[in-house]
Amino acid sequence: MALSSQVSPFPGEEPVRREALRVFVRGLEVQAGIGVYDHEHGRLQRLVIDVVLEMEPHAIERLGDTVNYETVAEAARAIAADGHVGLVETFAERLGRACLQDRRVIRAAVRVEKPGALEAAAAPGCEIVLAR
């Protein structure tokens with residue numbers, strides 16, 4: 001897989017190389033049943049999710065040429081709707097794997113924060129990176 005692609009210059013412009021293509025969703029809020037403690041079962045908690053998807057660099061002229069942000073949000077909501085998840089690490093892994101279902105995605109970095117889960121901390125959580 002090439003990590004860059006030569007881009008034809010417009011008349012009078014220098015040639016450039018596409019070296020990376022990353023699509024991201026930052027600060028997505030999802031209500032989910034999550035946690036390992038008894039008091040966390042049977043209630044929803046707020047998760048804040050960041051996702052960065054890396055693709056081979058290529059020209060994008062229409063939505064079909066890239067990953068639609070809404071599909072990332074839908075995948076996160078579907079995981080939450082599927083039922084209680086014990087750990088944020090498990091949630092992040094499931095979301096990363098869902099993002100890799102799009103064969104154009106070669107790397108998925110998923111960060112899940114669980115605000116309010118740890119007193120005196122803005123947000124504990126985890127980040128997982130999956131690649132094919």
Side-chain angles (χ1 to χ4, degrees):
M1 291 185 203
L3 292 179
S4 65
S5 61
Q6 190 70 30
V7 178
S8 301
F10 291 103
E13 289 187 9
E14 295 291 321
V16 296
R17 231 178 24 256
R18 286 187 188 93
E19 293 190 341
L21 174 56
R22 294 181 188 98
V23 173
F24 64 89
V25 174
R26 186 174 58 219
L28 175 67
E29 294 191 17
V30 173
Q31 296 292 318
I34 193 158
V36 296
Y37 298 110
D38 288 341
H39 71 273
E40 295 180 297
H41 288 261
R43 69 182 184 99
L44 298 178
Q45 296 185 72
R46 183 172 149 246
L47 299 179
V48 180
I49 301 166
D50 297 334
V51 177
V52 179
L53 306 177
E54 190 168 319
M55 304 168 63
E56 289 292 332
H58 63 278
I60 297 176
E61 297 294 329
R62 58 190 202 287
L63 184 57
D65 296 333
T66 190
V67 176
N68 186 334
Y69 314 129
E70 188 57 36
T71 61
V72 175
E74 288 170 359
R77 291 183 198 117
I79 294 164
D82 204 30
H84 191 90
V85 177
L87 300 169
V88 292
E89 291 85 352
T90 304
F91 192 101
E93 171 97 13
R94 290 179 185 172
L95 183 52
R97 288 180 178 275
C99 291
L100 286 171
Q101 291 297 309
D102 186 322
R103 300 301 298 171
R104 298 170 298 180
V105 176
I106 58 175
R107 183 174 180 269
V110 179
R111 179 183 180 101
V112 179
E113 297 180 357
K114 190 176 169 187
L118 183 61
E119 190 175 327
C126 77
E127 183 171 291
I128 190 166
V129 178
L130 303 175
R132 59 174 92 252

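The shortest non-hydrogen separation linking R104 to D65 is NH1-C, 3.5 Å. The shortest heavy-atom contact between C99 and V51 is SG-CG1, 4.1 Å. Closest heavy-atom contact between V85 and F91: CG1-N, 3.9 Å. For H84 against G35, the heavy-atom pair with the smallest separation is NE2-O, 2.7 Å. When every heavy atom of R77 is checked against every heavy atom of L28, the shortest pair comes out as NH2-CD1, 4.3 Å. The minimum heavy-atom distance between G96 and A108, with the atom names listed, is O-CB, 4.0 Å.
Q45 and Q31 are not linked by any side-chain donor-acceptor pair at a separation below 3.5 angstrom, with hydrogens and angles left out of the test.
For CD of E61, the number of neighbouring non-hydrogen atoms (other residues, nucleotides, ligands) closer than 6.0 Å is 12 at most.
In this structure, the side chain of D50 does not engage the main chain of R111 through any donor-acceptor pair within 3.5 Å. Side-chain atoms of E40 come within 3.5 Å of backbone atoms of V36 as a donor-acceptor pair (strictly under, hydrogens ignored). T71 contributes a side-chain N or O that, together with a main-chain N or O of N68, makes up a donor-acceptor pair within less than 3.5 Å.
Put simply, NZ on K114 and CD1 on I34 are 6.0 Å apart, with the number rounded to the nearest 0.5 Å.
Contact of the M55 side chain with the V67 side chain is registered, since non-hydrogen atoms from C-beta on lie closer than 4.5 Å. Using a 4.5 Å heavy-atom threshold, the side chains of E56 and R18 count as separate. The shortest side-chain heavy-atom distance between V25 and I49 does not fall under the 4.5 Å cut-off. Counting heavy atoms from C-beta outward, L53 and F24 have side chains that stay 4.5 Å or more apart. For the pair E54 and V105, the minimum side-chain heavy-atom distance is 4.5 Å or more. Residues E113 and L47 have side chains not in contact (no heavy-atom distance under 4.5 Å, counting atoms from C-beta outward).
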Using side-chain contact (heavy atoms from CB on, under 4.5 Å), reason through L21 and I60 one step at a time and then give a plain yes or no.
CA-CA 10 Å; L21 174 56; I60 297 176; 3.6 Å; yes
Determine, stepwise, if the pair R103 / R132 fulfils side-chain contact (heavy atoms from CB on, under 4.5 Å).
CA-CA 9 Å; R103 300 301 298 171; R132 59 174 92 252; 2.5 Å; yes
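A single hydrophobic cluster is not seen to contain both L100 and V52; linkage of ILVMFWY side chains at heavy-atom distances under 4.5 Å, directly or through other members, places them apart. Connection of L130 to V88 is established within a shared hydrophobic cluster, with ILVMFWY side chains joined at heavy-atom distances below 4.5 Å, either directly or through further cluster members. Put simply, V48 and I79 are part of two different groups of oily side chains (I, L, V, M, F, W, Y) that touch within less than 4.5 Å, one to the next.
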